[in-house]
Each structure stands twice: as C-alpha cells, then as structure tokens.
2 protein chains.
Amino acid sequence: MSHMGYSCLMALDRDQVLRSAAALLTRKSTATMDEVAKAAGISRATLHRHFAGRDALVRALESLGIAECEAALDAARPEDGPASEAVRRLIRAFEPSAGLLAFLYTENQLFEGEEQNQGWARIDERLTALFRRGQEAGEFRIDLSPAWLTEALYGLLASGAWAVSDGRVAAKDFTHMIAELLLGGARRTDA
Amino acid sequence: MSHMGYSCLMALDRDQVLRSAAALLTRKSTATMDEVAKAAGISRATLHRHFAGRDALVRALESLGIAECEAALDAARPEDGPASEAVRRLIRAFEPSAGLLAFLYTENQLFEGEEQNQGWARIDERLTALFRRGQEAGEFRIDLSPAWLTEALYGLLASGAWAVSDGRVAAKDFTHMIAELLLGGARRTDA
DNA sequence: CTATTGTGAGACAAAAATGTCTCACATGGG
DNA sequence: CCCATGTGAGACATTTTTGTCTCACAATAG
C-alpha cells in the first residue's frame with residue numbers, strides 16, 4: 001500500500017517546503033512562486049500541487065506558525081513556577097519556530113480571516129497572561145504593560161532569528177540573548 | 001519664477017508619498033504601485049513621475065531612512081554623557097522615523113547595493129559604538145554583545161511602531177516602553 | 001487673460017506572474 | 001517485469017502589473 005508512503009513523505013516535504021518558503025519570503029517578501037519553488041528545491045508544478053496559490057501558501061504558513069506556537073506554549077508550561085523561568089522555557093521552545101514566526105509577525109497584518117485571527121488571539125492571550133502573572137506575583141515591573149511585553153517578545157524573537165541567520169550572533173546564544181534582554185535589560189545590576 | 005514653487009511643493013509631496021508608501025508596504029509588502037499611489041492619494045501616473053518604478057521607490061525609501069537615522073544620531077549626541085541617557089535620547093530621536101525604519105528593517109535584506117549598505121554599516125557602527133562605550137564604562141552588562149543590542153534596538157523600534165499603529169500601546173508611551181525594556185528589562189529591580 | 005506646470009484619468013502595449021495542461025521519467029511496491 | 005504515484009520540465013492561455021503615452025483640467029505666476 002503506497003498510501004502510507006505517500007502521506008509520510010508528503011508531510012515531511014510539505015513541512016520543509018513551508019520552512020524554506022518562510023526563510024525566503026522573510027528576506028524577499030515579493031518573491032515569485034517560481035522563486036519559492038526553486039528555493040525549496042522543487043518545481044513550480046509540484047509547489048502548485050501542494051498549495052493552490054500564493055494565498056494558500058501564506059495561509060498554510062500561518063497555520064503552521066499557529067500550530068507551532070501553541071505547541072511551544074504547551075511544552076513550556078507557562079503557568080508553572082516563577083514567571084522568569086517560564087519566559088526562558090518559552091523562548092527556548094520558540095527557537096525552532098523563530099524564522100517562521102519572524103515572517104508571520106511582519107506579514108500577518110495581511111489576512112483578517114476568522115480562524116487565523118482567533119488562533120493568534122489565543123496565543124497572544126496566553127502570552128499576556130504569563131506576563132500578567134509575573135506582574136501580579138511582584139516578579140515583573142508594572143510600568144510595562146503585558147501587551148507591550150508580548151509585542152516585544154515577538155520583536156526580539158524576529159530580531160534574534162535574523163541576527164542568527166545573518167551571522168551577526170551565534171545560534172547557541174539565541175535563547176540567552178533574548179531572554180536576558182527581555183528579562184533583565186542592558187543595564188548592569190551587579191554594579 | 002515657478003521653479004521655487006516646484007521644488008518646494010515637490011519635496012513635501014515626495015516626502016509624504018514615501019511615508020504613506022512605507023506605512024502601506026509595512027502592512028502589505030506585495031502592494032501594487034497602484035495601491036501605493038491610492039494610499040498616497042495620488043494617481044499612478046504621478047507616482048510614476050516621481051519614482052521610475054518599484055525599485056526606485058524602495059531605494060528612495062531606503063535613502064530617506066538612512067538620512068533620517070543619521071540625523072537622529074547626530075541630534076541625540078550618542079557620545080555625550082551616560083550611555084543610558086544617550087540611548088534614551090536616541091530612541092526619542094528615532095521615534096518619528098520608526099514606521100519607516102520598521103519597513104526597512106524587515107525589507108532591507110533585498111538590496112545589496114554599494115551606497116545603501118555603506119549607509120547602514122555606518123549607522124550600525126555608530127550604534128554599536130554607543131553600546132560598546134556603555135559596556136566599557138561599566139554601565140552595561142558585557143554578556144550581551146553590542147551587535148545584539150543594536151539588533152534588538154531595531155527590533156524593538158519596529159515592534160513599538162507596529163504596536164502603536166495598531167493601537168496596542170499608546171503613542172505617548174513609545175519612548176518609555178522601548179527605552180525601559182531595552183535598558184532595564186522586565187524584571188523588577190526594586191524588589 | 002495667458003502661458004506654464006503638475007495632475008488625474010484612461011488607453012495601450014510590453015512584461016511578468018499565475019493557473020492549468022501534457023508528457024517523459026524515476027522510484028518503489030506488487 | 002509492470003504498474004501506480006509523484007515529480008520535473010516545459011508549453012500555453014489568462015490575468016495582473018508595469019511602463020509609457022495622450023489629453024483635458026486646475027492652479028498659479030506673470
């Protein structure tokens with residue numbers, strides 16, 4: 001039965017295609033379907049077999065991004081332990097998805113579809129809840145709103161992903177640099 | 001002599017066209033020249049009179065962005081006084097250009113032209129120099145590299161611009177939220 | 001008023017991207 | 001071996017976007 005082989009290989013392929021598409025579209029958001037296909041190492045015909053068109057491709061990217069964010073949130077257990085530690089776990093869990101997230105964060109003002117926006121709203125909610133919890137526990141300062149901290153987390157994840165992919169910072173420092181900046185800032189505290 | 005009237009009005013128009021183009025392209029990077037023109041409130045013909053094509057438009061946006069960043073750096077005197085204060089002045093000086101900068105930061109991996117890249121390299125250099133100065137003065141922690149702090153500053157400026165334009169944070173808090181997060185982080189220090 | 005200048009609207013062809021086919025080929029299971 | 005399935009290459013019509021042009025109109029300086 002070739003059906004198993006089909007779904008298995010397809011799923012892997014599709015995932016990799018989406019990832020390379022995200023990587024390309026982040027750098028060159030006006031890239032052609034043909035360029036996307038070449039970047040993924042497949043032909044335009046095959047790309048078109050998987051995704052009916054450019055819109056479908058972007059929507060698929062968004063769905064994947066939402067799913068990965070949800071999974072990362074689940075894995076990081078944001079409700080457990082000190083909020084600072086939860087933020088660290090969260091950033092570590094987000095790291096593999098950071099490239100995709102960077103693309104979506106800069107592009108997602110595009111669609112206002114029902115499902116998609118609900119997905120992001122849910123993720124935003126879980127993130128702001130974490131920062132709110134940290135504030136209520138007296139762990140985080142209260143003059144920076146949870147909404148802003150959430151926004152900043154997205155921005156820093158995107159900056160980190162780009163800085164790593166451009167070689168401006170080492171990949172192994174990704175989590176540390178984002179977490180330390182977000183939590184502790186640039187100022188010395190042991191002075 | 002109508003020449004004065006010409007250059008005067010044109011300069012203003014051109015600037016406003018570029019700004020609305022940046023605002024639109026940030027949200028929808030695949031926007032058509034026609035959409036850009038409509039967003040600027042002018043006809044496609046007029047847009048095309050100012051900018052030969054899409055490339056020319058983006059290049060003009062980049063030139064404007066570089067010029068504004070240089071001007072902001074000059075105005076903020078990054079070499080004077082405590083580095084923290086210099087960073088605050090810098091963020092305040094960057095605020096009017098943040099929307100434009102957000103677009104360029106997410107899109108500038110596009111061109112690798114000589115002049116443009118030199119312009120950005122120069123700005124990067126001045127920013128990293130400021131963070132390096134802060135580290136050498138013992139004001140900033142040394143485990144976050146100046147290159148990363150520079151990158152993070154770009155990212156936070158972009159996040160701030162989007163958050164403000166989407167109404168997620170108040171415009172008046174722009175400088176404070178970015179400066180405090182970048183310098184002090186989310187963690188309470190007075191606990 | 002009159003001439004100049006910039007503009008908007010629209011026509012138009014050229015170029016680019018997209019969506020849809022067909023066909024030959026490779027691979028892997030039966 | 002033979003067949004089914006996914007693929008790459010490329011042809012093709014369609015659609016979209018672009019670049020260029022013309023013309024009428026408004027504003028403004030002289």
Item to check | Set of side-chain hydrogen bond (donor to acceptor under 3.5 Å, both in side chains) partners for R44(B), sequence neighbours left out | outcome: none
Checklist entry - Rounded to whole angstroms, how far apart are CD on Q16(B) and P on dG6(C)? => result 18 Å
Checklist outcome for this item: Whether each nucleotide of nucleotides 12-21 of chain D has a protein heavy atom under 4.0 Å at its base (B), only at its sugar-phosphate (S) or at neither (-) is summarised, 5' to 3', as -----SBBB-
Between side-chain atoms of residues 169-177 of chain A and protein atoms elsewhere (two or more places apart, or another chain), which donor-acceptor pairs fall under 3.5 Å?
{"residue": "T175(A)", "atom": "OG1", "partner": "E95(A)", "partner atom": "OE1", "Å": "3.0"}

Checklist entry - Starting at CD1 of I42(A) and ending at C1' of dA26(C), how long is that distance when rounded to a whole Å? => result 17 Å
Checklist entry - Side-chain contact, heavy-atom cut-off 4.5 Å: L183(B) with F140(B)? => result yes
Next on the checklist: Output the rounded distance in Å from CG (L47(B)) to P (dA9(C)).
Outcome noted: 14 Å
Checklist entry - If every non-hydrogen atom of L144(B) is compared with every non-hydrogen atom of E180(A), which pair is closest and at what distance? => result CD2-CB, 4.0 Å
Checklist outcome for this item: In whole angstroms, the gap separating P of dT7(C) from NZ of K38(B) amounts to 17 Å
Checklist entry - For dT7(C), does OP1 or OP2 lie under 4.0 Å from any side-chain N or O of S43(B)? => result no
Item to check | Distance (rounded to the nearest 0.5 Å) between L156(B) CG and E151(A) CD | outcome: 10.5 Å
Next on the checklist: I want to check something: taking the side chain as every heavy atom from C-beta on, are T106(B) and T26(B) in contact at a cut-off of under 4.5 Å?
Outcome noted: no
